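A short worksheet on the structure shown next.
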Amino acid sequence: MAHLLLHGTLDAVIFEANNLSYGSNLGTEMIVGTVVEGIELGYGSGKGMPRLYATIDLGRARVGRTRVIDDSPKNPHWNEKFHIYCAHFAKEVVFSVKVAQPVSAMLVGRAYLPVRDIIAGKEVERWLDVLDADRKPLRHGPKIHVRVRFSDVAGDGRGWGGGVGDARYPGVPYTFFKQRPGCRVTLYQDAHTPDAFAPRIPLAGGRFYEHGRCWEDVFDAISDARHLVYITGWSVYTEITLVRDGARPRPGGDATLGELLKRKAREGVRVLVLIWDDQTSRQELVPFGVTWSFAGTHDAETYAYFKGTGVHCVPVARDRNAGSSIVSGTTTYVAMTHHQKTVIVDHDNGGSARRHIVSFVGGIDLCDGRYDTQSHSLFRTLDAAHSKDFYQGNIEGASIDKGGPREPWHDIHSKLEGPAAWDVLHNFEQRWRKQGRKDLLVDLRGMEDLVVPETQAVPADNREAWNVQVFRSIDGSACSGFPKTPEEAAKSGLVSGKDNVVDRSIQDAYIHAIRRAKHFIYIENQYFLGSSFAWKPDGIKPEDIEASHLIPRELSLKIVSKIEAGERFAVYIVMPMWPEGVPAKETIQAILDWQRRTVEMMYYDISIALEAKRIDADPKDYLTFFCLGNRERKMDGEYEPKHHPHPGSDYDRAQKARRSMIYVHAKMMIVDDEYIIVGSANINQRSMDGARDSEIAMGAYQPTHLNTEDQLARGQIHGFRMSLWYEHLGMLHDDFLNPGSLKCIQMVNTMAKKNWELYTSDDFDGDLPGHLLSYPIAVSSDGTVTELPGMKFFPDTQAPVLGTYSNSLTAPAIATT
């Protein structure tokens, strides 16, 4: 039976199973009646009954699972609906029935629905035979009742390649938060933008793009708050200062973040802070000066700093019960994080007596090392903006006393006003009610005379209005207020996970936006790996990796569809040279290996499409990867360190070469200059899964600045992308106005290649003309990814560019994907 491509959506219902038996496939009846009973009693079931759930697989990917039920061992009724985005080659849709256990799961049996029966879009409802692992009939002839309908992506009208369309676009369906009109959005590149960074970028209506200044705006917003300041963070560090630009002083701007928040609490403002509790830190050791933690988040220090003050700070770990077994639950508890980065305040409403809610959402944590500007200096700010904030996470032993390079930091954030800002507030309230320990939330329902309710920030027909939708990756272990029944959960786009309900709408938002794209996609992200079901089985079993989110495969299939249609399309992806950390370490090398497998899968898809159309083209004309880096010549009067790195070390080599990668921490995608996603979610399974790291993002567009027959999108999103390209390339060019064109992508590739040559040159002694570097890989005509000639290792290191496979106890795939 041939494997067929299911690219679209699969609407499925698992109703029930009957006549289940546990003898022939599990060993004996006694296994379930006695052994499983003992395990379940020890794990908390207390009923001694097998705990049953069902799963849905496409090819090598798990795409759905029901909740666990334990009240009907022979005839379980799940009645669960699934709306599944799919991009898989498969010959069958596989339904498995399993017994949940603390360590793993016991297979009862599997049922098979041929893909050929659903590929044409016909709804199929059947009782399928449940067979054993060898596809042989089970005793008593058990069956499972299912209904399935497949909708091909190409039949989705404007949903496939139609762009946003117009103001009637309803947003991403099947989500907890719906699209909100009448919002105001401010986009930020990096923590600060100095006055000197001022490219003139024309927008529609004779306007020019104006830059936001993230940390200045956060400082102003917190300073202005009268009723509430709510913060979520992977890391919140009390010792940083938000205002550091001497040309743009603020009253009280020299205060640390901790001092600022304590001052607001003393003024009567309710200040609530949720931070991730890194399990390697120890709060009881902070008084003795022991502040180390594996992730360096300062969580124990921050909690100790605010303890006994008016600031209510709660460190929160991921819930160990969120995993599908004791093993995965423990890994979730130790390795997974709360990764949302939000600030929510009440703010001045243009002179009105009533305040309004403002929310900040994005990738920038309020912690050390994040403050940077578009120059991304390595050495020149060590006696100024970074004199008390030296940060270098990629070089062992780095310190201000030994000198630079510091780790430059590129990031993206946003500010929301209007109804969507309230959705971010509701996310905080849901988390606090679940995790905050005390009921300290400000009840805004009785404060209509003081705070404007959820009304539009600007009229929906205003030319600068935005439609905004909030998305999340989160589960019921971290969030209250989720529906209790599968039926209610399905209406909100939530899915089941073990004994949990999961929101993975960030992944859905990316998929939805990619499918609607017409001309180009521009991505900046800290990680880029996934769609492991489509990886080559090169020393691995792809089905065991479980990095199954669809984003990389959706991108490659979008390009393939354009090649088949004879149309241009371009995808630009900017990521770090390597994930943060010492690059030769096992975990970093493992992530780089997953990344290489992902990239190679995408280029293989493209190469097959080019070959089928007999097109002789460079795959990088359609899909191209970049990283960022900087080199600085030494200037008179520059900071001189007291000490120096050990001779011959990576630190010594980088310091002498006066170079460093710029760490890309952004989590952003722009589609056709008309739609943007900004948030905390990386493009990896941890961020997209919903039951691993908790995340938040926003997707937005301006209804009057869309691509139509009469106009090109020339609103704030276009201006923001052009400003980012100016930051990375050091110039503007008319070809940048059409990123989907062959001329544009070849020009950008040429500039990035030249920058890479200068970055790696032993003879270059100057400032790089641009920061955008070609990612150091070669791509053959058949899609194979290899290292560049003479570039096995990253500059100044002995770390392989392509990574090294590892799925060990110290670097398990669940943590590195």
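What you see is a predicted model; the values in this text were computed from it and never measured.
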Do the side-chain N and O atoms of [X] and [Y] include a donor-acceptor pair separated by under 3.5 angstrom?
{"X": "Glu600", "Y": "Thr784", "answer": "no"}
{"X": "His519", "Y": "Asp672", "answer": "no"}
{"X": "Lys667", "Y": "Asn682", "answer": "yes"}
{"X": "Glu586", "Y": "Ser806", "answer": "yes"}
{"X": "Asn749", "Y": "Thr624", "answer": "yes"}
{"X": "Thr804", "Y": "Gln589", "answer": "yes"}
{"X": "Asp693", "Y": "His339", "answer": "no"}

Exercise. Within 45° of the six-membered ring axis of Phe176 and under 6.0 Å from that ring's centre, is NZ or CZ of Arg472 located there?
Worked result: yes
Can a salt bridge be assigned to the pair [X] and [Y] using a cut-off of 4.0 Å between side-chain N and carboxylate O?
{"X": "Arg553", "Y": "Asp605", "answer": "yes"}
{"X": "Asp166", "Y": "Arg168", "answer": "yes"}
{"X": "Glu567", "Y": "Lys562", "answer": "yes"}
{"X": "Asp593", "Y": "Arg597", "answer": "yes"}
{"X": "Arg62", "Y": "Asp57", "answer": "yes"}

Evaluate the ring planes of [X] and [Y], with Trp represented by its six-membered ring, and classify them as parallel (under 30°), tilted (30 to 60°) or perpendicular (over 60°).
{"X": "Trp535", "Y": "Trp594", "answer": "parallel"}
{"X": "Trp160", "Y": "His7", "answer": "perpendicular"}
{"X": "Tyr663", "Y": "His665", "answer": "tilted"}

Tell me whether the centres of the aromatic rings in [X] and [Y] are closer together than 6.0 Å.
{"X": "His728", "Y": "His410", "answer": "yes"}
{"X": "Trp466", "Y": "His705", "answer": "no"}
{"X": "Phe533", "Y": "Phe89", "answer": "no"}

Exercise. Roughly how far, to the nearest 0.5 Å, is the CG atom of Asn738 from the CD1 atom of Ile745?
Worked result: 11.5 Å
Exercise. Given the rule in the salt bridge (Lys or Arg N to Asp or Glu O under 4.0 Å) test, do Asp156 and Arg515 qualify, once you have shown the distances and angles that lead to the verdict?
Worked result: CA-CA 10 Å; Asp156 191 18; Arg515 290 184 175 183; over 6 Å; no
Exercise. Applying ring pair (Phe, Tyr, Trp, His ring centres under 6.0 Å), which residue pairs with at least one partner in residues 546-576 are found, sequence neighbours left out?
Worked result: Tyr572-Trp725
For this session: Please indicate whether Phe520 has more than 12 foreign heavy atoms, meaning atoms of other residues, nucleotides or ligands, lying under 6.0 Å from its CZ.
Result: yes
